[in-house]
Asks: 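Right, I'll just put the structure down here and ask away after.
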Amino acid sequence: MSSAAALPAPRGGLLRGLSDFLLRRPGAYLALLLVPPLLWLGIIYLGSLFALLTNSFFSIDEFSGTIDYTLTLSSYGQLLQLANFDIVIRTVLMAAAVTLASAVIAFPIAYYAARYAKGRMKAVFYLAVMMPLWSSYLVKVYAWKLILAKEGIVSWVADTLGVTVVLDGVLALPVIGGPSLSTSYIGTFLVFTYVWLPYMILPLQASLERVPGSLVEASEDLGAHPRQTFRHVILPLALPGMIAGSIFTFSLSLGDYIIPQIVGGSNLFIGQAVLIQQGTAGNIPLAAAFTVVPVAIMGLYLWGAKRTGAFDAL
Amino acid sequence: MTVAAPAVRFRAVTRHFGPVKAVDGVDLEIAPGEFFSMLGPSGSGKTTCLRLIAGFDQPSAGEIEIFGVPSAGVPPYARAVNTVFQDYALFPHMNVLDNVAYGLMVRGVGKRERHARAAEALALVKLGQHGERRPVQLSGGQRQRVALARALVNQPRVLLLDEPLGALDLKLREEMQVELKALQRKLGTAFVFVTHDQGEALSMSDRVAVFNEGRIVQVGPPEEIYERPRTDFVARFVGGSNVLPAAVARGIGGPDAPCSLRPEAIVLLTGPAPEGHAALTAMIEDAQYHGAARRLLVTVEGADLRLAVSIPAAEGGGFGPGQTVTLGIPLAALWAMEAA
């Protein structure tokens, strides 16, 4: 290589020799830099995922409670049983509702931050969005339990304003209602949406920030009403950010086992099922099969998003 | 709407940004079918004027009419003008054909018809075969043409062009100048062309408005701007003319006013000054070869005055810094300007 020929002659000494060697062989240098993170990613991350996948194809001996290492689909068969399948459906619906609500709430905030907020207001925006992430997750969830409880702030406000009827009406709704907000699906949904919202706002804001103002002006200039500009220019260009955000909100909701434990009814979500199966019940294969469900759903989701062209604007 | 209404009319238009007057009391009339350039350095208010016509910005005071219709409160999408943006502003998520068809699409023109018309517009800018491509797959010059086709497909009555050739290299820029001018003649649309390149403005325009610090300093046909500058700003900005202070002009028998003097009007003398010429002794500071012409930068003796002299390249190959020459100033070439 001509550039190597232009380098000074090798020097003596082990460290100098090594540094000369790396300078002359950029490939070896790159490999040295990449091996540790690749090992980490390969063994710790992908390896554990593979172990999980493998476990889901084993079964548990019902009498001894030990794991039978012959490959079988019986754990997946159990997933399809009504009680277990209920858990899957409940979790997916909740995650979808949380994602949808997050997107709807996040969009105007992200749009304002990307388009209009300048200087000080921008700092205020980042602070407001990030600050909830700095405090303990558990503290936030327990705080919400108090806010939503029967004698909590929400019911107190409703009582003060004389709209207890409305609150009671909402709680009387079939399925999503319950004795109080903190023991109903509505409560779980509210807390999920609150906790994961920043993960939707930030990528959405980043993607909106990258849409040049001149594109919006061009659209208007060509005769598009604001609504048309939103539909044909802003939304398609914000879609990759929205998908990125939804990956966070959707997958985090699919896997969480603490929020539904603290705020919500007695019906299980996937995360709780995994916890019970691998802990109390000691059924690692079924726990693994449950864990594969969110992974598979996210895979399908990304595949579908790609097919609809959501990443075309990237 | 009267028949005689100008395409665009500014009446005492002012646009403040806080304490900054980006546009300061501009009066302007652009005729239908005219190629009108707004020329000025950056920050002189020309782009702000364009944005006021497009409707992206509203005047702080004054009135803008488009074909006789007051445009106050009319949003950009309801104006019969289209813009070619400086950065082209093509939609990255659409192919070229859909980009061009966008204006028709939002007006509810059916897919078959809008694609046919978009293809026609692309053919007009010689990009007929690139409809399926994405903007990122095109070169700068091609994107520029797409932006042009996208604006023209809507058959605007006024086309606004914001430094559209700024990002192109010299050769392409010269080609596009010729094509733009031809296109404008063919379509008969009024073009409002913003540029900071005086050569571009002079070669393409029917009329040029020279902007400085938010005001129009002079407006007129290119020849007038070039040959009869009104102020020393116009003289210097449009084509780098020499400006003689009033004292010097008077001293050599010219008018008692600051005068512009074109570099190519000055001759080099070997003998006595001919009739109607004043002689000045000067020292050459620098001699530059420009192909067709040779440009000398000289300092006039006894006056704190530097002049640019342009002579045919064939003459005076032997000139170099430090030499003394005698300049012949034709008094008829001195153009008296307003005192600054």
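All of these numbers come straight from a predicted model, not from anything done at the bench. Chain letters run A, B, ... following the sequence lines, proteins first, then strands; residues in each count from 1.
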Asks: Ignoring hydrogens and geometry, is there a side-chain-to-backbone donor-acceptor pair from B:N82 to A:D221 under 3.5 Å?
Replies: yes

Asks: Is atom NZ of B:K21 surrounded by more than 12 heavy atoms (other residues, nucleotides or ligands) closer than 6.0 Å?
Replies: no

Asks: Counting neighbours of NZ on B:K111 that are heavy atoms of other residues, nucleotides or ligands and sit closer than 6.0 Å, is the number greater than 12?
Replies: no

Asks: Quick one: of A:P212, A:G213, A:P226, A:S219, who has the most non-hydrogen atom pairs under 4.5 Å with chain B?
Replies: A:S219

Asks: Just wondering, are more than 12 heavy atoms of other shown residues or ligands nearer than 6.0 Å to CZ in B:F17?
Replies: yes

Asks: Between A:L237 and B:H93, which heavy-atom pair has the shortest distance, and what is it?
Replies: CD2-ND1, 3.5 Å

Asks: For residues B:P76 and A:E220, report the shortest heavy-atom separation together with the two atoms involved.
Replies: CG-OE1, 3.5 Å

Asks: In terms of heavy-atom contacts, does OH of B:Y88 have more than 12 from other residues, nucleotides or ligands at under 6.0 Å?
Replies: yes

Asks: Which heavy-atom pair separates B:N154 from A:L222 by the least distance, and what is that distance?
Replies: ND2-CD2, 3.2 Å

Asks: Could you check B:R51 against A:E217 for side chain to side chain contact (heavy atoms under 4.5 Å, CB included), going step by step and ending with a plain yes or no?
Replies: CA-CA 10 Å; B:R51 294 175 58 80; A:E217 287 183 348; 2.7 Å; yes

Asks: Mark yes when over 12 heavy atoms from residues, nucleotides or ligands other than A:Y112 sit less than 6.0 Å from its OH; otherwise mark no.
Replies: yes

Asks: Tell me, out of B:A78, B:A89, B:G103, who's got the most heavy-atom pairs with chain A below 4.5 Å.
Replies: B:A89

Asks: I need the minimum non-hydrogen distance between A:V233 and B:F91, along with the two atoms involved.
Replies: CG2-CE2, 3.6 Å

Asks: Count the heavy atoms of every other residue, nucleotide or ligand shown that sit under 6.0 Å from CZ of A:R25, and state whether that count exceeds 12.
Replies: no

Asks: Do other residues, nucleotides or ligands put more than 12 heavy atoms under 6.0 Å from the OH atom of A:Y111?
Replies: yes

Asks: Heavy-atom pairs under 4.5 Å with chain A are the metric here; pick the option from B:T83, B:D87, B:L90, B:V106 that has the most.
Replies: B:V106

Asks: When rounded to the nearest 0.5 angstrom, what is the spacing between NE2 in A:H232 and CE in B:M105?
Replies: 4.0 Å

Asks: Is it true that atom OH of A:Y257 has more than 12 heavy atoms of other residues, nucleotides or ligands lying nearer than 6.0 Å?
Replies: no

Asks: Work out which heavy atom in A:T229 is nearest to a heavy atom in B:Y102; give both atom names and the distance.
Replies: CA-OH, 4.1 Å

